[in-house]
Amino acid sequence: MAEIQLFDAAGHRKYVTPQEREQFKVSAGGLSRNKRTFALMLLHTGCRISEGLSVKVRHVDFSGRCVTFETLKRRKKGIFRQVPLPDEYLQALDDAFDLRALQKKNSKTRDEYLWGWSRKYGYETIREVMALAGLQGIHATPKGLRHGYVIACLDKGIPLNMVSKWVGHASIETTVIYANALGQEERNLAARLWG
């Protein structure tokens, strides 16, 4: 397993901060419904770009208020995980694709991809939102968004085991690496020293 690096050799961070995540969210709001909903899927779940592109109609669970991803990084197929989604985003997905109605139709309809794009187009979509948000550098990528999701979860006090499950890490030790990123809680502790 390759170790996750949160900084490059020159010390530049590879993750978006909570403030940059908010800028990304606002900027995504101005795009077409397909681009907006895709960008927000990555923002709200921390999924890998290939996992986001693999979401089908049947993977959005309105009663469970979550989305089911097949973890695509591992070598074995058939490893699934569910990630909670905000209610407002679930409603936006339903408004954009009429998902509740599609889920009641035949199994062929339920197996349709939400976006059906190439990986390259999905990547370019995320880069477009990053540019609109004024974000540049090695962190302004889908992976930077994923890293930022994990850091935001840890910053909000979500237990490591839940974060690890949501992002599909094979080991909780991988998730622990993110705890080394400077978060608001760490700044609050340091503020005690300054004040």
Side-chain angles (χ1 to χ4, degrees), residues 15-16 18 20-74 77-135 140-150 152-153 156 158 162-169:
Y15 59 90
V16 295
E20 290 168 337
R21 283 174 45 83
E22 186 59 34
Q23 289 169 233
F24 181 92
K25 181 179 179 182
V26 169
S27 296
L31 297 178
S32 69
R33 73 180 179 124
N34 283 349
K35 287 184 175 183
R36 178 179 61 252
T37 54
F38 179 70
L40 293 177
M41 178 65 76
L42 271 64
L43 178 78
H44 290 310
T45 65
C47 69
R48 296 170 181 92
I49 194 166
S50 54
E51 294 169 342
L53 290 169
S54 295
V55 172
K56 297 180 178 180
V57 169
R58 65 181 162 86
H59 290 146
V60 179
D61 180 351
F62 287 97
S63 62
R65 297 166 40 205
C66 63
V67 61
T68 301
F69 294 110
E70 182 172 7
T71 301
L72 298 176
K73 179 100 180 206
R74 300 185 192 167
K77 291 192 75 61
I79 298 174
F80 296 93
R81 68 183 193 276
Q82 290 186 315
V83 181
L85 292 174
D87 290 338
E88 68 181 35
Y89 178 63
L90 277 167
Q91 187 59 53
L93 281 174
D94 192 31
D95 292 346
F97 299 104
D98 201 17
L99 286 180
R100 285 183 171 102
L102 288 175
Q103 288 177 350
K104 292 178 183 175
K105 293 189 176 194
N106 63 40
S107 62
K108 185 177 179 183
T109 303
R110 292 175 44 79
D111 278 335
E112 290 177 3
Y113 292 102
L114 287 190
W115 295 285
W117 301 336
S118 69
R119 183 177 167 81
K120 181 181 179 190
Y121 190 81
Y123 181 87
E124 289 170 353
T125 297
I126 298 304
R127 292 287 294 174
E128 179 182 351
V129 181
M130 292 288 186
L132 289 171
L135 304 178
T141 63
K143 189 170 267 191
L145 199 58
R146 177 174 166 77
H147 291 330
Y149 172 82
V150 175
C153 286
K156 296 291 185 185
I158 296 172
M162 291 306 302
V163 178
S164 183
K165 174 185 171 245
W166 291 346
V167 294
H169 286 158

Inset, instruction - Could you tell me which residues satisfy salt bridge (charged side-chain N to carboxylate O under 4.0 Å, His left out) with R110, sequence neighbours excluded, listed by chain and number? - result: none
Legend entry - Set of salt bridge (charged side-chain N to carboxylate O under 4.0 Å, His left out) partners for R119, sequence neighbours left out: none
Legend entry - Selection residues 95-108 - residue pairs positive for salt bridge (charged side-chain N to carboxylate O under 4.0 Å, His left out), sequence neighbours left out: D94-R100
Legend entry - Sub-4.5 Å side-chain heavy-atom contact between L99 and F62: yes
Legend entry - Straight-line distance of R81 CZ to T45 OG1, nearest 0.5 Å: 7.5 Å
Inset, instruction - Please list, chain by chain and in numerical order, all residues satisfying side-chain hydrogen bond (donor to acceptor under 3.5 Å, both in side chains) with R127, sequence neighbours excluded. - result: none
Inset, instruction - Just grab all the salt bridge (charged side-chain N to carboxylate O under 4.0 Å, His left out) pairs involving residues 41-50, residues at least two apart or on different chains. - result: R48-E51
Legend entry - For L145 against R21, the heavy-atom pair lying closest together: O-NH1, 4.4 Å
Legend entry - T37 side chain reached by Y89 side chain, heavy atoms, under 4.5 Å: yes
Inset, instruction - Measure the spacing between CG of L93 and CG of L40 and express it to the nearest 0.5 Å. - result: 8.5 Å
Inset, instruction - Not counting sequence neighbours, which residues clear side chain to side chain contact (heavy atoms under 4.5 Å, CB included) with S63? List them please. - result: D61
Legend entry - Side-chain touch F69/S54, heavy atoms, less than 4.5 angstrom: no
Inset, instruction - Using side chain to side chain contact (heavy atoms under 4.5 Å, CB included) as the criterion, list what pairs up with E20, not counting sequence neighbours. - result: R13, V16, T17, Q23, L135, H139
Legend entry - Counterpart residues, side-chain hydrogen bond (donor to acceptor under 3.5 Å, both in side chains), relative to S50 (two or more places apart): none
Inset, instruction - Output all residues satisfying side chain to side chain contact (heavy atoms under 4.5 Å, CB included) with E22, sequence neighbours left out; order by chain, then residue number. - result: K25, V26
Inset, instruction - Run the numbers on W115 and T125 for side-chain hydrogen bond (donor to acceptor under 3.5 Å, both in side chains), then give the verdict. - result: CA-CA 12 Å; W115 295 285; T125 297; over 6 Å; no
Inset, instruction - Under the salt bridge (charged side-chain N to carboxylate O under 4.0 Å, His left out) rule, collect the residues that match up with E128, sequence neighbours excluded. - result: K35
Inset, instruction - Using side chain to side chain contact (heavy atoms under 4.5 Å, CB included) as the criterion, list what pairs up with K56, not counting sequence neighbours. - result: R58, H59, D111, Y113
Legend entry - Within-4.5 Å side-chain heavy-atom neighbours: N34 and F97: yes
Inset, instruction - Sequence neighbours left out, what passes ring-ring contact (aromatic ring centres under 6.0 Å, His included) with Y121? Give chain and number order. - result: W117
